[in-house]
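Notes follow once the structure below has been shown.
Reminder, nothing fancy here: chain letters follow the sequence lines and each chain counts from 1.
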There are 2 protein chains.
Amino acid sequence: MNKPITLYDLVGTDDRRMSPFCWRAKLALAHKGLDFETIPLKFTEKNKLAFSGQEQVPVLVDGDQTVFDSWTIACYLEDKHPGAPSLFSNTSTRALTRIFNHWFDKLVTLKLFPLVVPDNFDVVCPEDLQYYTESRFKWLGKTRDELAAERSEDDFVEWRLSMDPLREQLQEQDFLGGESPLFADYIVFSMFMWARAVSPWPLILPEDVLYPWRERMLDLHDGLARKSKGYDY
Amino acid sequence: MNKPITLYDLVGTDDRRMSPFCWRAKLALAHKGLDFETIPLKFTEKNKLAFSGQEQVPVLVDGDQTVFDSWTIACYLEDKHPGAPSLFSNTSTRALTRIFNHWFDKLVTLKLFPLVVPDNFDVVCPEDLQYYTESRFKWLGKTRDELAAERSEDDFVEWRLSMDPLREQLQEQDFLGGESPLFADYIVFSMFMWARAVSPWPLILPEDVLYPWRERMLDLHDGLARKSKGYDY
């Protein structure tokens, strides 16, 4: 019998799975219909990844193969399992998805960072608090409490505008991929999964056209995402 | 005999065709193998578009149909001529291309604006100079000469970095679309055509992986782009 695929997956308190990049890999695995197990990993357990030469999750182990980086993992799965549902639809879509990946993270994910980081601090494991403080708050130049005090619903309203190009599509079709999801959907959704895992702040409101899309995404693959620990809104 | 398709096309001195959005429409028409004529239009000749209810080019007239906005024109041509080479490859790619269109213009085209506008001023038709000054320089808050004096090769070096996600693809394949171009290629290339029409500043250097791609784009459709008036570099 084949050993199942394993994925090293960033974890916070109460088994919160909070890495958007790990979510991209997990959803890609589920999309391909593959059995996999996750190995929860704290920020300060990088030593457990030493075998891979990596310091960051996701790291996927599939038999003799070790694959890292969410984009590379998606391409690896797509190329290894061409008969399973495609993550990209075709070569042109793969190319555009890769560029979409860059620009989505730059224009949307990164801008969410200061809004969600204070709550994220509250759910990192106790042994990770020092690491998280040094890597996040020093970089942002503000403390957890300063960031938490500064943010307001207005910031979220403004941030939500960054997703307008997505809304244009998702009011016309169920998924960015059309009738069914593609990796582009997982790229966007993974950011929502990060926020859901760590922050009670409603990232998205019921009247938003993205709301029913997010609900559909939560339900995919037997509710893989919905079953995970997080805040409901 | 059918009347040929006509496209209203922004023009400067020496028949310079300088609108990136008109280039998107022209290249989409050529991609579909359609005969078309362009009607050159100066900034201050908006009255000639009055029949369409529009104030901006591109405006396409195809028999009884009047279509405006480069994205809408591409979709119109794609849907009307499904048997001709596709501009999008499939529905998923169309959705991603639309988002790509937004983000490319935001992250790349718009950032080129202050670098190219001083040269653009020099090639707008004499009767357009006042309009151009009021619409561009007042918006940017600087005069033509201030913008020209401030810019340096360093600005272009930095601006070129904004296209790194495209380079990642174009070092692996001939076009963003794969083996042949798609509308995503025309979106990017149209910006180069705008700059080529108006500015002698070399936007792209021969050692850049985008350089041979741009050369291929210039040659497409019997050299449609290369034959147009512009600066060689």
Side-chain angles (χ1 to χ4, degrees), chain A residues 31 69-72 74-75 78-79 85-111 158 161-189 191 209-210 213, chain B residues 31 69-72 74-75 78-79 85-111 158 161-189 191 209-210 213:
Chain A
H31 187 90
D69 174 85
S70 63
W71 174 257
T72 309
C75 292
E78 180 77 354
D79 294 337
S86 174
L87 286 161
F88 303 113
S89 169
N90 66 26
T91 310
S92 307
T93 315
R94 186 193 291 213
L96 286 178
T97 304
R98 191 175 184 183
I99 298 169
F100 176 89
N101 202 338
H102 281 290
W103 287 347
F104 177 79
D105 282 345
K106 185 182 179 78
L107 289 170
V108 188
T109 313
L110 202 62
K111 294 200 170 161
E158 191 189 326
L161 295 177
S162 68
M163 289 183 293
D164 273 353
L166 308 178
R167 289 188 181 89
E168 213 171 51
Q169 288 310 308
L170 291 170
Q171 64 195 8
E172 292 177 9
Q173 56 195 48
D174 280 356
F175 299 98
L176 294 175
E179 292 175 11
S180 55
L182 289 173
F183 195 62
D185 290 278
Y186 300 136
I187 291 168
V188 178
F189 181 61
M191 177 195 65
V209 68
L210 294 176
W213 164 82
Chain B
H31 187 91
D69 176 85
S70 63
W71 174 258
T72 309
C75 292
E78 181 77 354
D79 295 336
S86 174
L87 286 161
F88 303 114
S89 171
N90 66 25
T91 310
S92 308
T93 315
R94 186 192 291 213
L96 286 178
T97 304
R98 192 176 184 181
I99 299 169
F100 176 89
N101 202 338
H102 281 289
W103 288 347
F104 177 78
D105 282 346
K106 186 182 177 79
L107 290 170
V108 188
T109 313
L110 203 62
K111 294 201 170 160
E158 190 188 327
L161 295 176
S162 68
M163 291 183 291
D164 273 353
L166 307 178
R167 290 188 181 87
E168 212 172 54
Q169 288 310 309
L170 290 170
Q171 64 196 7
E172 291 176 11
Q173 55 195 51
D174 279 356
F175 299 99
L176 294 175
E179 291 175 11
S180 55
L182 289 174
F183 195 63
D185 291 277
Y186 300 136
I187 291 168
V188 178
F189 181 61
M191 177 196 65
V209 68
L210 294 176
W213 165 83

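With a 4.5 Å cut-off on non-hydrogen atoms, Phe104(A) touches chain B through its backbone and its side chain both.
One finds the CG atom of Leu96(A) at 6.5 Å from the CG atom of Leu176(B) (value rounded to the nearest 0.5 Å).
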Would you mind checking chain B against chain A for donor-acceptor pairs under 3.5 Å and listing them?
{"from": "Ser89(B)", "atom 1": "OG", "to": "Asn90(A)", "atom 2": "ND2", "distance (Å)": "2.7"}
{"from": "Asn90(B)", "atom 1": "ND2", "to": "Ser89(A)", "atom 2": "OG", "distance (Å)": "2.7"}
{"from": "Ser92(B)", "atom 1": "OG", "to": "Gly177(A)", "atom 2": "O", "distance (Å)": "2.8"}
{"from": "Thr93(B)", "atom 1": "OG1", "to": "Thr93(A)", "atom 2": "OG1", "distance (Å)": "2.6"}
{"from": "Arg98(B)", "atom 1": "NE", "to": "Glu168(A)", "atom 2": "OE1", "distance (Å)": "3.0"}
{"from": "Arg98(B)", "atom 1": "NH1", "to": "Glu172(A)", "atom 2": "OE1", "distance (Å)": "3.4"}
{"from": "Arg98(B)", "atom 1": "NH1", "to": "Glu172(A)", "atom 2": "OE2", "distance (Å)": "3.3"}
{"from": "His102(B)", "atom 1": "NE2", "to": "Glu168(A)", "atom 2": "OE1", "distance (Å)": "2.9"}
{"from": "Glu168(B)", "atom 1": "OE1", "to": "Arg98(A)", "atom 2": "NE", "distance (Å)": "2.9"}
{"from": "Glu168(B)", "atom 1": "OE1", "to": "His102(A)", "atom 2": "NE2", "distance (Å)": "2.9"}
{"from": "Glu172(B)", "atom 1": "OE1", "to": "Arg98(A)", "atom 2": "NH1", "distance (Å)": "3.4"}
{"from": "Glu172(B)", "atom 1": "OE2", "to": "Arg98(A)", "atom 2": "NH1", "distance (Å)": "3.4"}
{"from": "Gly177(B)", "atom 1": "O", "to": "Ser92(A)", "atom 2": "OG", "distance (Å)": "2.8"}

